[in-house]
Amino acid sequence: MKEKVLVGVVDFKDHSAWPVDDVIYEMKELVTACGGEVVETLMCPAHPPSAATLINKGKVAEISERVKATGVKTVVLSAELKGHQQRELEEAFGVNTIDRTQLILDIFARRASSQEGKLQVELAQLQYRLPRLAGHYDELSRQGGGIGTMGPGETKLEVDRRRIAERIDRIRKELEDVTQARQTKRKKREDKHIPLISLVGYTNAGKSTLLNTLTDAGQVTKDGLFTTLDSLARQSVLPNKQRVVFSDTVGFMHDLPHNLIEAFKATLEEVQSADLLLHVVDVSNHNFRNLKESVDIVLNQLEALKKPTVLVLNKIDLLEDPTVLEVIRRGFDNAVTISAKEKTNIDQLLSLVEEALSKLAVTLQVKLPLDRMDLINLAHKAGEVISVDYGEKFITLVARLPHHVAGKFEQASS
Ligand SMILES: Nc1nc2c(ncn2[C@@H]2O[C@H](COP(=O)(O)OP(=O)(O)OP(=O)(O)O)[C@@H](O)[C@H]2O)c(=O)[nH]1
Ligand SMILES: [Mg+2]
């Protein structure tokens, strides 16, 4: 049976906030992804926010009553709570009380399957817990110490803090090894001049479905939030015969806990090192402009917002009025409207990808056999020749060349 949940939508009267209906919709999706079911939603004013409970006193009393009447087992608030606020509310409601960040961390913990994913989620959870430990042990409860557990005069709280901090350090070190292994792989790919195209977008936008359409990746796709947590890369060949790597990764969301982004650094480096981004947007969601903006905010945090990007307006098969499509598409630069599921307009997407890649160039120094004047001509035609030096045994060429021709020069180089 699904766990019954009451959602409190915290309203700060912030004019830049999302429309309430969209906040409620997303909170329901998050609760569902955690295996729960929202049985009641209440608006909770927090202007000005109460230091003790975030939401105002009257609302705390109202929620307590509703908790009793509905028999819910969990209350979730849509904004982040401080440790003492959470404890205060939990006491008032008499049931498990969590904030949106904990809900997201819980979903990630349920979904993590790789060793790397699990470590990253644990890191985010510990970082969330560490500053919230305070006050749990008000009385200075000294417990009998075993070897290395508790020093003289140390409180239980201090020991817990120290243990968590140590575990955080250990996870960080383990993740560094993962990062190293990824960097080695990336270096190999870069040496071959195979461009990396990273699929990014709001969670549930259809990134994995698109990866499956573009390659034979066989990624799991599902209607729900955060289905994919690990990056997956697959080689493919574009219609112009250029080899590329497409990579699918964890989806983004608005106000993603910063601990989570920080913890998922190793996974998200895939996005940072990409040559081209395909930003997948679900245009069947009427709130898609806000979703796109939230993704742009995360990309900006990752310093990847200025990367060459093709905007992929997905799920057009779900639009009831296809005439709006052209209007939507014209509103964006470098955009294409597709259905990843129905495989519609994939050819148009691929030509935009080819076009974007042809604009990217790499600087290359190669020693070519004397009889490869064809390549010197090609370098003049396709890129920018910086210097050519005709030696006795080979020609040394330095040039800036588009990705898709650079490989030919590498192959011919001695
Ligand atoms: N109708 C329709 N559904 C689609 C399309 N693309 C994806 N979907 C559906 O949307 C849901 C989410 O797709 P995924 O590919 O898992 O989305 P994602 O962006 O990888 O999501 P996360 O990994 O959770 O971030 C699935 O139920 C897909 O079948 C499309 O073009 N049309
Ligand atoms: Mg996915």
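Numbering of residues begins at 1 and proceeds along the displayed sequence. Start at 1 and go down the list; that is how both ligands and their atoms are numbered.
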**OP:** Step through the shown structure and confirm whether more than 12 heavy atoms of other residues, nucleotides or ligands are within 6.0 Å of CG on Asp14.
**Re:** yes

Subject >> Leu299 and Leu277: CA distance, side-chain angles, deciding distance, side-chain contact (heavy atoms from CB on, under 4.5 Å) verdict >> reply: CA-CA 10 Å; Leu299 288 174; Leu277 302 181; 4.0 Å; yes

Subject >> Ligand-residue contact atoms, ligand 1 with Thr203, heavy atoms, under 4.0 Å >> reply: 22 (P), 24 (O), 25 (O)

Original post:
Which heavy atom of Val405 sits nearest a heavy atom of Phe409, and at what distance?
Top reply: O-CD1, 3.3 Å

Original post:
In the protein, which heavy atom is nearest to atom 12 (C) of ligand 1, and how far is it?
Top reply: Asn204 OD1, 2.9 Å

Original post:
Which of the atoms of ligand 1 are close to Gly224, meaning less than 4.0 Å from one of its heavy atoms?
Top reply: 24 (O)

Original post:
For Leu276 and Thr309, which heavy atoms make the closest approach, and how far apart are they?
Top reply: CD1-N, 4.0 Å

**OP:** Could you pull out, from Glu342, Gln219, Lys207, Met253, the option with a heavy atom nearest to atom 25 (O) of ligand 1?
**Re:** Lys207

Original post:
Salt bridge check: are Arg162 and Glu166 linked by an N-O gap of less than 4.0 Å?
Top reply: yes

**OP:** Could you tell me the residue and atom name of the protein heavy atom closest to atom 8 (N) of ligand 1, and the distance to it rounded to 0.1 Å?
**Re:** Lys315 CE, 3.7 Å

**OP:** Quick one: sort the Tyr202 and Trp18 rings into parallel, tilted or perpendicular, breaks at 30° and 60°.
**Re:** tilted

Original post:
Looking only at distance, does Val250 have an N or O less than 3.5 Å from an N or O of ligand 1?
Top reply: no

Subject >> Carboxylate-amine/guanidinium proximity below 4.0 Å for Arg330 and Glu326 >> reply: yes

**OP:** Any atoms of ligand 1 less than 4.0 Å from a non-hydrogen atom of Phe226? List them with their elements.
**Re:** 24 (O)

Original post:
Considering only the protein, which heavy-atom contact is closest to atom 27 (O) of ligand 1, and what is its distance?
Top reply: Asp223 N, 3.2 Å

Original post:
Can an N or O of Leu318 be found at a distance shorter than 3.5 Å from an N or O of ligand 1?
Top reply: no

**OP:** May I ask you to list the atoms of ligand 1 that are less than 4.0 angstrom from any heavy atom of Asn314?
**Re:** 5 (C), 6 (N), 31 (O)

Original post:
To the nearest 0.1 Å, how far is atom 13 (O) of ligand 1 from its closest protein heavy atom, and which atom is that?
Top reply: Thr209 OG1, 3.5 Å

Subject >> Part of Ile338 with heavy atoms under 4.0 Å of ligand 1, whether side chain, backbone, both or neither >> reply: neither

Original post:
Which option, Lys222, Lys341, Arg111, Lys343, owns the non-hydrogen atom nearest atom 29 (O) of ligand 1?
Top reply: Lys341

**OP:** State plainly whether the residues Glu158 and Arg161 are in salt-bridge range, i.e. N to O under 4.0 Å.
**Re:** no

Original post:
Which residue and non-hydrogen atom of the protein lie closest to atom 24 (O) of ligand 1, and at what distance in Å?
Top reply: Thr227 N, 2.6 Å

**OP:** Using a strict 4.0 Å cut-off to heavy atoms of Gly251, name the atoms of ligand 1 that fall inside it.
**Re:** 25 (O)

**OP:** Would you mind running through ligand 1 and noting each atom that sits below 4.0 Å from a heavy atom of Ser339?
**Re:** 30 (C), 31 (O), 32 (N)

Original post:
Any chance NZ of Lys82 has more than 12 other-residue heavy atoms, nucleotides or ligands included, within less than 6.0 Å?
Top reply: no

Subject >> Asp248 N/O to ligand 1 N/O under 3.5 Å >> reply: no

**OP:** Answer yes or no: does an N/O atom from Leu225 fall short of 3.5 Å to an N/O atom of ligand 1?
**Re:** no

Original post:
Who's the nearest protein heavy-atom neighbour of atom 17 (O) of ligand 1, and how far?
Top reply: Gly206 N, 3.1 Å

Subject >> Heavy-atom gap Gly201 to ligand 1 smaller than 4.0 Å >> reply: no

Subject >> Lys59/Glu62 under salt bridge (charged side-chain N to carboxylate O under 4.0 Å, His left out): CA gap, chis, key distance, verdict >> reply: CA-CA 5 Å; Lys59 204 41 91 167; Glu62 188 185 337; 3.1 Å; yes

Original post:
Angle at the Mg ion (ligand 2) between OG1 of Thr228 and OG of Ser208, to 10°?
Top reply: 90°

Original post:
Which residue, Thr221, Thr227, Asp248, forms the side-chain hydrogen bond (donor to acceptor under 3.5 Å, both in side chains) with Ser208?
Top reply: Asp248

Subject >> Geometric cation-pi criterion Arg132 and Tyr128, 6.0 Å radius, 45° cone >> reply: yes

Original post:
N/O of Val220 under 3.5 Å from N/O of ligand 1, yes or no?
Top reply: no

Original post:
What part of Asp317, side chain, backbone, both or neither, has a heavy atom within less than 4.0 angstrom of ligand 1?
Top reply: side chain

Original post:
Quick one: does Asp216's side chain get under 4.5 Å of Arg234's, heavy atoms only?
Top reply: yes

Subject >> Nearest non-hydrogen partners of Gln301 and Ile261, listed with the distance >> reply: OE1-CD1, 3.3 Å

